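Structure record follows, encoded as structure tokens.
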Amino acid sequence: MKYACALVALFCGLFWGCSEEKSERLPDLPPVEIPADVFGFYSGRLPCDDCKQRAIDMDLHQDGSVDVVQSILKDSVHVDSLRGTFTYADSIVKMLVSQDSLGMLYWVFKRDKVGNLAFMKSGNVYRDADGMKFVMVRFYKKIKK
């Protein structure tokens, strides 16, 4: 018992003696620059009336073309590869995507201050019943699957 108390006292003394904190200020970091262009890879989800979930991966190219991989979850997963074009002006991305079964899809996104794209409907950023936005997150390094 004496050894246990001595051991506890020794460890408490070590921890107390080594717990000196220094209050030095950390150096300021330079601000992160968000690229002004919208070209790159985005991933997120879009609203879907007749399915459980609609996941989108899209690659916006410098020539104004867009490649989209759309995964729709109903009873099973259905994956489509789509192509289209986009324009970008005044923080708004307008996209026209060709879908074989439904014809042309017209999507509008608003670019936020960190470079992500929020889905718009009727001129406003669209929110679901819970008030959540549908945001396409920009990845500055393309995800390999």
Side-chain angles (χ1 to χ4, degrees), residues 4 7-145:
L7 212 65
V8 169
L10 178 67
F11 281 122
C12 287
L14 286 174
F15 286 124
W16 186 37
C18 296
S19 67
E20 184 180 324
E21 289 187 31
K22 296 181 180 180
S23 60
E24 293 178 16
R25 182 179 152 99
L26 294 173
D28 291 334
L29 296 174
V32 175
E33 285 190 38
I34 304 297
D37 58 29
V38 294
F39 313 120
F41 180 76
Y42 296 82
S43 184
R45 63 185 187 98
L46 292 180
C48 186
D49 294 331
D50 59 343
C51 64
K52 295 177 184 174
Q53 188 173 9
R54 183 181 190 185
I56 303 289
D57 291 335
M58 58 186 189
D59 217 344
L60 278 64
H61 303 286
Q62 290 184 358
D63 64 356
S65 66
V66 61
D67 295 322
V68 177
V69 176
Q70 173 177 259
S71 303
I72 296 177
L73 175 63
K74 291 184 180 181
D75 295 331
S76 62
V77 178
H78 180 76
V79 179
D80 286 322
S81 293
L82 314 171
R83 292 194 52 87
T85 59
F86 75 94
T87 59
Y88 175 64
D90 298 328
S91 297
I92 302 293
V93 176
K94 295 179 180 179
M95 198 174 299
L96 194 59
V97 180
S98 175
Q99 185 177 18
D100 294 337
S101 60
L102 297 175
M104 299 300 281
L105 298 172
Y106 180 67
W107 294 333
V108 180
F109 298 93
K110 181 173 179 68
R111 186 170 191 256
D112 64 18
K113 63 183 176 183
V114 295
N116 297 330
L117 300 177
F119 181 69
M120 296 180 70
K121 191 171 186 178
S122 302
N124 297 312
V125 172
Y126 181 79
R127 294 180 183 270
D128 65 9
D130 297 326
M132 298 294 294
K133 297 181 203 176
F134 288 89
V135 176
M136 302 299 293
V137 177
R138 183 175 186 178
F139 290 88
Y140 291 96
K141 190 171 187 181
K142 190 170 181 178
I143 300 171
K144 295 180 181 177
K145 291 186 180 183

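What you see is a predicted model; the values in this text were computed from it and never measured.
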Criterion side-chain contact (heavy atoms from CB on, under 4.5 Å) on M120 and I92, from CA distance to verdict: CA-CA 9 Å; M120 296 180 70; I92 302 293; 3.7 Å; yes
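- Annotation: side chain of V68 is in contact with side chain of W107 (closest heavy-atom distance under 4.5 Å).
- Without hydrogens or angle criteria, D128 side chain to D130 main chain gives a donor-acceptor distance under 3.5 Å.
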Worksheet item: Stepwise, does the side-chain contact (heavy atoms from CB on, under 4.5 Å) test hold for L60 with Y88?
Response: CA-CA 11 Å; L60 278 64; Y88 175 64; over 6 Å; no
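- You'll find the side chain of R45 stays beyond 4.5 Å of the side chain of R54, heavy atoms only.
- If you check the side chains of H78 and D80, you find a donor sitting under 3.5 Å from an acceptor.
- Looking at every heavy atom in both residues, D37 comes nearest to R111 through O-NH2, 3.4 Å.
- Here the closest heavy-atom approach between residue L82 and residue S98 is recorded as CD2-O, 3.5 Å.
- Residues F109 and V38 are not in side-chain contact: their nearest non-hydrogen atoms beyond the backbone lie 4.5 Å or more apart.
- Smallest separation of non-hydrogen atoms from V79 and V69: CG1-CG1, 3.8 Å.
- Taking CZ of F41 as the start and CE of M58 as the end, the distance is 9.5 Å to the nearest 0.5 Å.
- S43 places a side-chain heavy atom less than 4.5 Å from the side chain of D57.
- Within the model, atoms CD of Q53 and CD1 of I72 stand 11.0 Å from one another, a figure rounded to the nearest 0.5 Å.
- Rounded to the nearest 0.5 Å, atoms OH (Y42) and CG (D59) are 10.0 Å apart.
- Minimum interatomic distance between P47 and F119 (heavy atoms only, all atoms of both residues): CG-CE2, 3.7 Å.
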Worksheet item: Which is it for R138 and L117 under the side-chain contact (heavy atoms from CB on, under 4.5 Å) test, yes or no, and what are the steps along the way?
Response: CA-CA 8 Å; R138 183 175 186 178; L117 300 177; over 6 Å; no
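- For D63 and R83, the salt-bridge test fails: no basic side-chain N is under 4.0 Å from an acidic carboxylate O.
- Looking at heavy atoms from C-beta onward, Y106 lies in side-chain contact with K94 at the 4.5 angstrom threshold.
- When all heavy atoms of K74 and C51 are compared, the pair lying nearest together is CG-CB, 3.8 Å.
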